[in-house]
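Step one of this worksheet: look at the structure below.
Count residues from 1 along the sequence.
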Amino acid sequence: MQVPLIRLQCGANSYDWGKKGQSSAAAKFAAATPADGFTVQDEKPYAELWMGTHPSNPSKDVRTQRTLLDLVQDNQALMGTEISEKFGHKLPFLFKVLSIGKALSIQAHPNKKLAEQLHAKDSKNYPDDNHKPEMTIAITPFDGLCGFRPLAEISHFFSSVQALKKLVGEKEVEEFQAAIKGKETSEKTEDEETNKKALQKVFGALMNSKKEDVEKASKELIVEAEKEGQDFAGGGGPSNEGQELADLVVRLDKQFPGDIGLFVLFFLNYVKLEVGEAMFLKADDIHAYLSGDIIECMAASDNVVRAGFTPKFKDVDTLISMLTYSYAPISEQKMDPVDYPYVTLNATAYSSGSAATLYDPPIEEFSVVKTDLKKKGAKATFEQIAGPSIFICTSGNGKISVGPTSEEVKPGYVYFVGATAEVVLESEDTDFTTFKAFCEL
Ligand SMILES: NNC(=O)[C@@H](O)[C@H](O)[C@H](O)COP(=O)(O)O
Ligand SMILES: [Zn+2]
């Protein structure tokens, strides 16, 4: 039986923080596939291209206009019966392109148990009952806030950023610094527990500041940042990023004047990803993406608990109570991609040093392979897998073939490939880049 190769029509969400018009990769990629009435408007923000079966923005088969959700529910072989049954006859992952023009919300995504509770209590703001661990791969330079910093860095900022110390409260800061003193890097369980409790207490003190106090403190923070430059925040702590932090605070204040997020920034790792670099966020990890175009893959959910940098619904108490309060340098969140072994590259490909790179997070719902073919005629043949795949091309022209069926591929083209298909990608260009999200148990 011929495994189908299905061209998908995918929708773009216009959240406030998206890049505008044609500058948005999400908009350009959505417009690459005909969709009745979709045209890119210059002044409109386009934040996310969604590829998958999530009901909030379901992808469709271009030819039949049926949703991918319908197709995989009608034919369990498309996902492979085992995966189809395990994940309730819908794709286990949601695959996205994000084009970030300004900061996303200070957010975290609930674990499975909390997601079920939030969805049952408030299905409008929590649209499904699933967890949402997620992985980010930079397709342009990216920066973001991700995970709590090492405690000594947070303590350093309490001592060196006057506006922060004043807003949180001298007593709360001193209590925190006393609680962690001498234990900041202890690996003893009881010390880690004490540290996490102290971090939750002082973070809660910040998050429960009065709005008028935050607005007043943010004005003082900007004055401090602009006056001190490289010496700001005590020279920026161990990574000596004083000027960079000062610039970041000023940049974010322009996007969200007087926002609590300006102070959360000192609790979180400031991370930069170069093209091809990636990071993984477990459920309940606090983060806020700030700029760049990324490929994002996540368990199939749209549950976001927000607390700052957003006009959307905020749920501060839930965020404070759900976080893991694990703290670590960003190196522990960055991923180490490896060569993907289940692909054969033809001689042309080897001569051009192309590669298939696997980003494999520690969860079962998805992995992603990036394939870079840098020469006309370069070919990558993917062995069959017992699960579903979605391919998207982010640059260059080429072809995708499954059995006797061959289709053209251009930037923004998205294809669903059913289980047990061998897939051949062939470049017609000097830089044909695709990303494949897939699930196999
Ligand atoms: N970290 N990235 C994500 O979680 C994306 O998949 C989410 O869709 C966005 O974070 C949603 O952000 P807003 O709620 O609009 O601020
Ligand atoms: Zn997120």
Nearest heavy atoms of [X] and [Y], plus distance in Å:
X: Gly276; Y: Tyr359; result: O-OH, 2.7 Å
X: Pro150; Y: Pro329; result: CG-N, 3.7 Å
X: Leu319; Y: Val305; result: CD1-O, 3.6 Å
X: Ile390; Y: Phe95; result: O-CE2, 3.6 Å
X: Val214; Y: Phe263; result: O-CE1, 4.0 Å
X: Glu407; Y: Tyr415; result: CB-OH, 3.2 Å

Do Ser395 and Thr433 pair up side chain to side chain, a donor and an acceptor below 3.5 Å, judged on atom types alone?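 Yes, side-chain donor-acceptor contact under 3.5 Å.
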Using distance alone, with no hydrogens and no angle criterion, decide if Asn303 and Asn130 have a side-chain donor and acceptor under 3.5 Å apart.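 Not at all, the side chains of Asn303 and Asn130 share no donor-acceptor pair under 3.5 Å.
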Identify, with sequence neighbours excluded, every residue that meets side chain to side chain donor-acceptor pair (under 3.5 Å) alongside Ser326.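 Partners of Ser326 by the side chain to side chain donor-acceptor pair (under 3.5 Å) criterion, ordered by chain and then number, come out as Thr324.
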Are [X] and [Y] side-chain neighbours, meaning at least one heavy-atom pair lies under 4.5 Å?
X: Phe280; Y: Ile363; result: yes
X: Asp143; Y: Arg251; result: yes
X: Asp259; Y: Leu252; result: no
X: Leu5; Y: Val423; result: no
X: Val271; Y: Gln333; result: no
X: Phe87; Y: Cys439; result: yes
X: Thr53; Y: Thr67; result: no
X: Val304; Y: Leu104; result: no

Would you indicate whether Tyr342, at its atom OH, is surrounded by more than 12 heavy atoms from other residues, nucleotides or ligands within a distance under 6.0 Å?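 Not buried by this count: 12 neighbours or fewer within 6.0 Å.
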So does Gln117 have more than 12 non-hydrogen atoms from other groups sitting under 6.0 Å from CD?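 Enclosed.
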Should Glu116 and Lys112 count as an ion pair when the cut-off is N to O under 4.0 Å?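 Yes, charged N to carboxylate O under 4.0 Å.
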Enter the distance from [X]:[atom1] to [Y]:[atom2] here, rounded to the nearest 0.5 Å.
X: Leu8; Y: Tyr413; atom1: CG; atom2: OH; value: 13.5 Å
X: Lys379; Y: Lys399; atom1: NZ; atom2: NZ; value: 7.0 Å
X: Asn269; Y: Glu332; atom1: CG; atom2: CD; value: 9.5 Å
X: Asn125; Y: Arg306; atom1: CG; atom2: CZ; value: 7.5 Å
X: Glu428; Y: Lys376; atom1: CD; atom2: NZ; value: 5.5 Å
X: Leu49; Y: Lys96; atom1: CG; atom2: NZ; value: 10.5 Å

Short question: side chain of [X], backbone of [Y] - any donor-acceptor pair under 3.5 Å?
X: Asp253; Y: Gly258; result: yes
X: Asn111; Y: Leu114; result: yes
X: Asp372; Y: Thr357; result: no
X: Asp339; Y: Pro341; result: no
X: Ser14; Y: Pro45; result: yes
X: Asp129; Y: Ala120; result: no
X: Gln107; Y: Ala288; result: no

May I have the step-by-step check of salt bridge (Lys or Arg N to Asp or Glu O under 4.0 Å) for Lys272 and Glu241, ending in yes or no? CA-CA 13 Å; Lys272 287 182 276 191; Glu241 54 189 21; over 6 Å; no
Working for side-chain contact (heavy atoms from CB on, under 4.5 Å), residues Glu184 and Ser155: CA-CA 10 Å; Glu184 291 89 339; Ser155 185; 5.8 Å; no
So which pairs with a foot in residues 104-141 pass ring-ring contact (aromatic ring centres under 6.0 Å, His included), sequence neighbours left out?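 Every ring-ring contact (aromatic ring centres under 6.0 Å, His included) pair that includes a residue of residues 104-141, provided the two are not neighbours, is His109-His287.
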Restricting to pairs with a member in residues 375-405, which pass ring-ring contact (aromatic ring centres under 6.0 Å, His included), not counting sequence neighbours?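 Pairs touching residues 375-405 that pass the test: Phe382-Phe391.
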Criterion side-chain contact (heavy atoms from CB on, under 4.5 Å) on Leu273 and Ile294, from CA distance to verdict: CA-CA 10 Å; Leu273 298 180; Ile294 58 175; 5.9 Å; no
Between [X] and [Y], is the gap from one ring center to the other below 6.0 Å?
X: Tyr325; Y: Tyr327; result: no
X: Phe203; Y: Phe148; result: yes
X: Phe366; Y: Phe93; result: no

Give the ring-plane orientation class for Tyr15 versus Trp17, where under 30° counts as parallel, over 60° as perpendicular and anything between as tilted.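 It falls in the tilted class, 30° to 60°.
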If you look only at pairs with a residue in residues 57-66, which of them pass as a side-chain hydrogen bond (donor to acceptor under 3.5 Å, both in side chains), with sequence neighbours excluded?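 Applying side-chain hydrogen bond (donor to acceptor under 3.5 Å, both in side chains) to every pair that reaches into residues 57-66, excluding sequence neighbours, yields Gln9-Gln65, Asn13-Asn57, Asp61-Thr64, Arg66-Asp74.
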By the definition side chain to side chain donor-acceptor pair (under 3.5 Å), identify the one residue from Gln73, His89, Lys90 that meets it with Ser84.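 So the option named by the test is His89.
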Which pairs pass salt bridge (Lys or Arg N to Asp or Glu O under 4.0 Å) with one or both residues in residues 310-328, sequence neighbours excluded?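 Qualifying pairs: none.
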Hey, mind stepping through Leu245 and Val161 against side-chain contact (heavy atoms from CB on, under 4.5 Å) and telling me if it holds? CA-CA 11 Å; Leu245 268 181; Val161 182; over 6 Å; no
Atom pairs and distances, side-chain donor-acceptor, residues 18-37, under 3.5 Å, sequence neighbours left out:
unit_1 : atom_1 : unit_2 : atom_2 : d
Lys19  : NZ     : Asp293 : OD1    : 3.0
Ser23  : OG     : Lys20  : N      : 3.4
Ser23  : OG     : Lys20  : O      : 2.5
Ser24  : OG     : Ala26  : N      : 3.2
Ser24  : OG     : Ala27  : N      : 3.1
Ser24  : OG     : Tyr46  : O      : 2.8
Thr33  : OG1    : Arg7   : NH2    : 3.1

Val417 vs Val402, test: side-chain contact (heavy atoms from CB on, under 4.5 Å). Steps then yes/no. CA-CA 8 Å; Val417 179; Val402 171; 4.1 Å; yes
